[in-house]
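Some notes on the structure that comes next.
Start at 1 with the first residue, then count along the sequence. Values in this document were obtained by computation on a predicted structure and should not be read as measured data.
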Amino acid sequence: MEEVSMVPHRDAPAAAPPTPPVPLTALLAREELGLRQIAGPDAAGTGAVVHWVHTSEMADPYPYLLGGELLLTAGVHVPATDADAHLDGYVARIVAAGGAALGFGVAPVHDTVPRALADACDRHGLPLLEVPPRTTFSGIARAVWQLMAEARHAELRRVTQAQQGLAAAAARPDPVPALLRQLASRLGGYAALYGPDGNPAQSAGAEPGQEALAGLVRLAGVVNPAGRGAGGGAEGHSPRPAPASATDTVSGTHLAAYALAGAHGLALGVATRQREAGDQALAGVAAVLLSLLTAPHQGAAESARSAALLRLLLGAAPADVAPLLGADRWTVVHARVRHGDRDRAPSTPAALAAALGSTLVDGHVDAGGARDVGGARDAGDAGGAPGVVRLLLPADRAPAPQSGWTLGVSAPAGVAGLAAADAQAGRALRRADAARVALVRHREGGIAGLVAPAEADAHARELLGPLGGSAPLTETLRTWLSLHGSWDRTAAALSVHRNTVRQRITRCATLLDADLDDPDVRMELWFALGRTDPPG
């Protein structure tokens with residue numbers, strides 16, 4: 001009896017999962033798997049890649065595919081009669097869903113790959129792999145995950161090296177053209193800074209074709225409508241906020257444009273023939289650096305401060321930039337657009353910075369409220385969470401609540417303590433999100449001030465040692481205690497299920513051999529957690 005799907009069919013295949021692609025040729029090269037392509041277009045010639053692995057014996061797997069999968073099957077669904085028609089429709093559905101390839105196990109149901117399946121894969125252009133009896137489907141999945149991890153590591157290494165190159169370019173006497181040259185070189189394409197008139201003020205790299213150049217001008221106008229004189233909406237209506245970035249593909253050239261925060265009418269445009277993993281992160285880093293370098297109306301002191309913040313952002317030692325900051329003590333603010341209040345929030349992080357009288361460190365919020373370019377941190381760095389804007393202001397300026405924003409504010413800190421203050425602001429923002437209040441300030445003092453810091457640190461390490469430095473356990477315990485043991489609010493703050501919170505807290509209680517319902521135990525653990533930095 002043929003299986004019947006209860007899931008409605010999609011009108012179009014879903015996008016591939018956001019995972020590093022694995023070349024199908026790399027999977028075929030794994031000798032321990034023994035995979036062999038027997039039909040369909042040659043993987044080496046087409047550059048076929050796999051984003052996912054899925055095993056299914058459904059007669060119609062289409063509703064369950066995300067796109068980009070290597071679908072594995074042992075052929076249980078193949079009927080004894082009229083197999084040719086079934087297999088042709090089966091392959092057609094996989095192709096329609098965006099499947100990358102089909103792997104067919106020759107055991108235990110079939111001794112060989114059905115000839116009709118190979119013919120169907122040839123007709124529909126789907127790579128068909130023969131999976132030998134000794135190779136398990138789980139072994140194939142594990143190999144794909146390993147290759148993805150290697151690709152992710154290579155991507156992060158490339159982004160890190162490119163950040164260093166961009167930082168060095170930004171520190172040169174001619175920072176803007178040097179940064180554009182470095183970006184174009186790293187991306188293997190073209191980079192341009194578009195002015196308010198829609199024309200490239202400066203550019204670097206090989207120019208793409210005229211259609212692609214015209215596409216970049218159009219995208220620059222999309223992210224900066226005010227720059228092209230189209231910022232106003234219809235009479236009686238407020239203009240829609242422009243997106244922080246926009247992408248397109250024209251004549252085989254990948255195009256992207258990024259608005260520069262604080263630089264009215266300026267946009268960064270990039271064009272590449274190939275889109276590599278990490279390209280968006282690199283362009284985002286360049287956009288943040290250009291925002292700092294092109295911020296208008298900077299006097300000598302403000303320029304020096306921006307340069308100092310730029311160097312701090314890229315990992316410079318605080319002692320090296322302290323003389324440029326111009327203030328002894330600072331407050332770090334983390335901000336996020338409040339859920340449901342996007343229309344009332346300032347349209348850009350720069351507008352928020354102006355309202356607070358602060359300096360924007362990093363963060364780029366798009367029209368949907370999610371962080372877009374991610375500042376000068378790669379995707380693996382937890383220093384800035386998605387959708388979070390990070391700001392810095394002198395300690396004598398107390399930030400006030402802002403309509404449409406949720407704020408977490410650190411305690412005042414010297415330059416050497418900015419990293420700890422950044423962590424404090426992050427924790428305060430999470431508490432503000434969980435409590436659904438507009439602003440939460442980090443508080444210290446009381447009993448904690450009576451213990452010598454070195455002794456307090458040693459006690460904290462000893463008390464929390466049984467947790468083994470586990471970031472999920474430590475942060476869950478920290479958040480749970482801060483929210484007075486509320487399972488639901490902790491789950492919301494950490495974006496996990498409440499059962500996950502319960503499991504982690506139970507694990508903490510077991511490892512610590514402590515009664516977490518005891519107020520004295522909670523107080524001591526809270527004290528110890530205050531002496532440790534949050535994960536990331």
Side-chain angles (χ1 to χ4, degrees), residues 158-224 227-228 244-250 253-296 298 303 306-307 309-311 313-314 350 360 362 364 372-378:
R158 172 177 175 250
V159 170
T160 299
Q161 292 173 347
Q163 285 180 354
Q164 295 172 351
L166 293 172
R172 293 188 52 169
D174 55 343
V176 172
L179 195 150
L180 291 174
R181 288 194 299 269
Q182 182 69 209
L183 179 63
S185 175
R186 294 285 180 175
L187 297 181
Y190 172 79
L193 179 64
Y194 286 87
D197 58 359
N199 294 318
Q202 299 184 64
S203 63
E207 285 191 0
Q210 290 301 314
E211 290 186 4
L213 284 175
L216 272 183
V217 172
R218 177 179 56 80
L219 290 183
V222 169
V223 299
N224 260 320
R228 58 187 171 96
S245 63
T247 60
D248 196 4
T249 301
V250 175
T253 301
H254 302 288
L255 311 177
Y258 303 84
L260 301 189
H264 182 72
L266 297 183
L268 169 65
V270 296
T272 58
R273 294 297 297 179
Q274 293 183 334
R275 183 170 292 165
E276 302 290 343
D279 282 0
Q280 183 177 2
L282 296 185
V285 170
V288 171
L289 300 182
L290 287 170
S291 296
L292 292 172
L293 293 170
T294 60
Q298 286 194 341
S303 297
S306 293
L309 291 174
L310 173 59
R311 293 172 62 185
L313 184 65
L314 296 168
L360 178 67
D362 79 315
H364 207 118
D372 181 35
V373 302
R377 298 173 179 265
D378 60 56

All heavy atoms of Val250 vs all of Ala212, minimum pair found to be CG1-N, 4.0 Å
What's the shortest heavy-atom distance between Ala286 and Leu268, and which atoms? CB-CD2, 4.0 Å
Would you check, one step at a time, whether the test side-chain contact (heavy atoms from CB on, under 4.5 Å) holds for Leu166 with Leu179? CA-CA 6 Å; Leu166 293 172; Leu179 195 150; 4.3 Å; yes
Check ion pair Asp279-Arg186 (N to O, under 4.0 angstrom): no
Distance from Ser203 atom OG to Leu193 atom CG, nearest 0.5 Å? 9.5 Å
Minimum-distance pair of heavy atoms, taken over all atoms of Val223 and Ala246: CG1-N, 3.7 Å
Could you check Asp248 against Leu219 for side-chain contact (heavy atoms from CB on, under 4.5 Å), going step by step and ending with a plain yes or no? CA-CA 8 Å; Asp248 196 4; Leu219 290 183; 4.1 Å; yes
Quick one: closest heavy-atom pair of Ala257 and Ala220, and the distance? CB-N, 3.9 Å
To the nearest 0.5 Å, what is the distance between CG (Leu183) and CG (Leu290)? 8.0 Å
Could you check whether any side-chain heavy atom of Thr249 comes within less than 4.5 Å of a side-chain heavy atom of Leu255, counting everything from C-beta outward? no
Restricting to non-hydrogen atoms, name the atom on Ala170 and the atom on Leu289 that form the minimum distance, rounded to 0.1 Å. CB-CD1, 4.4 Å
Verify side-chain contact (heavy atoms from CB on, under 4.5 Å) between Arg273 and Tyr190, making sure each step is shown before the conclusion. CA-CA 9 Å; Arg273 294 297 297 179; Tyr190 172 79; over 6 Å; no
What's the spacing between Gln280 CD and His254 NE2 if we round to 0.5 Å? 13.0 Å
Would you find a donor on one side and an acceptor on the other, under 3.5 Å apart, between the side chain of Ser185 and the backbone of Arg181? no
Report the C-alpha separation of Tyr194 and Leu216 in whole Å, then their side-chain angles, then the decisive distance to 0.1 Å, and conclude whether the side-chain contact (heavy atoms from CB on, under 4.5 Å) test is met. CA-CA 9 Å; Tyr194 286 87; Leu216 272 183; 3.3 Å; yes
Side-chain contact, heavy-atom cut-off 4.5 Å: Leu282 with Val159? yes
What are the two closest heavy atoms between Thr247 and Ala256, and how far apart are they? CG2-CB, 3.9 Å
